[in-house]
Amino acid sequence: MVRVRFAPSPTGLLHIGNARMAVFNWLFARRHKGAFILRIEDTDVARSERKHMEQLMADLHWLGLTWQEGPDVGGPYGPYIQSERLHIYHDICRKFLHDGLAYRCYCTPEELEERRQVAKRTGKPPRYDNRCRNLTDEQNKAFETSGLNFTVRFKVPEEFLVFDDLIRGACQFDMSLVGDFVIMRSDGTPSFHFAVAVDDTLMQITHVIRGEDHLSNTPCHILLFHALNRKPPQFAHLSLTMGADRTLLSKRHGAFSLSEYRKLGYLPEALLNYMMLLGWAPKDKKERFKADDVIETFEISTMSKSSSVFDQQKLDWLSGQYLREAELERLTNLAIPYLQAAGFVSQDENTIDRAKLRLTVDTVRNNISCMSQIVQEVNIFFNDIVISENHIEFLSSETAQSILLSFYNEICKTNTLSPEIFKDTLKTVQKETKVTGKGLYLPIRVALTGREHGPELYGVAHILGIDTCKKRIERFLLVKK
RNA sequence: GCCCCCAUCGUCUAGUGGCCCAGGAUGCCAGGUUCUCAGCCUGGAGACAGGGGUUCAAAUCCCCUUGGGGGUACCA
């Protein structure tokens, strides 16, 4: 059975780059009818926070991902939070020490740093020189009794290590270039490498799907799997996602967090679709698809090896497509908080004119790429309009006045202003005034909205309703008198 | 510095030796849709990083260069 995991560290908001890793793990698990596991890697005590973990899970759920095992749902291989697994790492570390796979290192961070600098200056690889590996018994005893802090380092054999990456094929590393690395810090917490290998072993992970930034760490992990007596899982290193500036998308880019997109009112399925398009393309070349549509055909080996740039414009296009197709009722509900925040509709949802709201959302959905943008679009429907001096002058002209008057007389003959009636009305006005095109529409648009641009006029008139339309026209009929 | 990975339109990609003087999408430009912005429709410009090989034939295979990214921590 396939078992994969997404293992974020709760040190901030989940950004698109990491979320994408979760998506492909999830997709892979579904493709192979396996389990998707969420594990929280919070061994970096200084930067990890519980609220981040909760936010992260909420964001993932919002995206539509579900996991079979994790901190919130439990599972047979828990706990799923590394800070709650400390005793496990200690036990295994002790065993490593006992079996001679690891040793205590008494070098201080300052000493290490200095030696690194020296190595760099002399053009040598700045790796740990393994000096504590060969401490004599006397030296070890002396250190032990001195009560000095120590780390535990893993003995890295000097060998060539080759492994097959599902995406990149054969990758090989010369381990003589890698120093003995720390598996247990002096404060008793495990290092990332150690915790990962231990957890992936104990949690029976079969496939490790993660970012390419871990590629060079992989040989270290493989060594640890061997030490743990376990066949290493299969690896698949996905290309990374960059920002428009071609630097790695990171937590520093707050705007690229899942939470941010959620707040802006992007539809989760649109974002999910876009993320799947980064580094992968479906066989049929259709760019709009649901995860369900591609489950059967998804092959991780076909994923791109090169990194990709996150393209906000394409996301916006895709998001717009989804907005156009989404169920109106859903969009209306989604719109309400934004309109409330802008003061356009009441805080009390029961008093909101939903019919009008639905119509409004339906009219402007073509003009926006995420729901928060609705605020700029709908001002004219909820506020009294302000007409500039220029526009007053414009509407005072003889032709403008004749158009407005004709239009006014026509709408007085009816009691609703559906799009059809509006179009018929304009035809009549056109015949009467002999004005067509822009000359015909613009005066009415300006009188009705105070703007020269906006959504389709017939839609605007419909939402405004006949009474408001009359009132707004009346204001300018007075101009002439 | 050293190690590793990568390299097709601005961007995301299709392409696994002949179907490719390279296809799609987005973005951009133009025209259309009896108003505008947008949307939609139609059309257009736009790429195999460079140099060597291998081969009857190379975007596709090999080598070098260049460029980009990652790693080289008691971060993950």
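Heavy atoms only: backbone and side chains are in, while hydrogens, waters and symmetry mates are out. We name chains A, B, ... by the order of the sequence lines, and we start the count at 1 in each one.
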Less than 6.0 Å separating the ring centroids of [X] and [Y]?
X      : Y      : result
A:Y458 : A:F422 : no
A:F96  : A:F194 : yes
A:F163 : A:H221 : no

What residues 212-227 of chain A contributes to the RNA chain B interface at heavy-atom separation below 4.0 Å is A:E212, A:D213, A:H214, A:L215, A:S216, A:N217
Residues in residues 319-327 of chain A with a heavy atom under 4.0 Å of RNA chain B, by number, are A:Q321, A:R324
At a 4.0 Å cut-off to heavy atoms of chain A, the contacted part of RNA chain B spans B:rG1 to B:rA76
Over all strands shown, is [X] touching base, sugar-phosphate only, or nothing at heavy-atom distances under 4.0 angstrom?
X      : value
A:L442 : nothing
A:T43  : sugar-phosphate
A:E452 : base
A:H237 : nothing
A:E456 : base
A:R210 : nothing
A:F192 : base
A:R445 : base
A:M242 : sugar-phosphate
A:K423 : nothing
A:S306 : sugar-phosphate
A:D44  : sugar-phosphate
A:C107 : base
A:P455 : base

Determine the Euclidean distance between corresponding [atom1] atoms of [M] and [N]; express it in Å to zero decimal places.
N      : M      : atom1 : value
B:rU33 : B:rG50 : P     : 43 Å
B:rA30 : B:rG70 : P     : 38 Å
B:rG51 : B:rG32 : C1'   : 48 Å
B:rU13 : B:rC75 : P     : 33 Å
B:rA59 : B:rA14 : C1'   : 12 Å
B:rA7  : B:rC48 : P     : 16 Å
B:rU60 : B:rU72 : C1'   : 34 Å
B:rC12 : B:rC74 : C1'   : 40 Å

Does the structure show a Watson-Crick or G-U wobble partner for [N], both distances under 3.5 Å? Name it, or say none.
N      : answer
B:rU66 : B:rA7
B:rG39 : B:rU33
B:rC28 : B:rG44
B:rU72 : B:rG1
B:rC20 : none

Less than 4.5 Å apart, any side-chain heavy atom of [X] and any of [Y]?
X      : Y      : value
A:F181 : A:L224 : yes
A:H193 : A:V182 : no
A:M184 : A:R153 : no
A:F160 : A:F173 : no

Check: Would you call the rings of A:W280 and A:F24 parallel, tilted or perpendicular if under 30° counts as parallel and over 60° as perpendicular?
Finding: perpendicular
Hey, does the side chain of [X] reach the backbone of [Y] with a donor-acceptor pair shorter than 3.5 angstrom?
X      : Y      : result
A:D316 : A:S369 : no
A:Y274 : A:D311 : yes
A:S9   : A:T11  : no
A:H90  : A:G188 : yes

Fill in: Residues A:T241, A:H15; criterion side chain to side chain donor-acceptor pair (under 3.5 Å); working and verdict
CA-CA 10 Å; A:T241 309; A:H15 64 85; over 6 Å; no
Between A:A170 and A:Q313, whichever has its closest RNA chain B nucleotide further toward 5' is A:A170
Assign each of A:Y274 and A:K427 the nucleotide of RNA chain B bearing its closest heavy atom; nearer the 5' end lies the nucleotide of A:Y274
(message) Does A:R133 qualify as a cation-pi partner of A:Y103, given the criterion of NZ or CZ under 6.0 Å from the six-membered ring centre and within 45 degrees of its axis?
(response) no
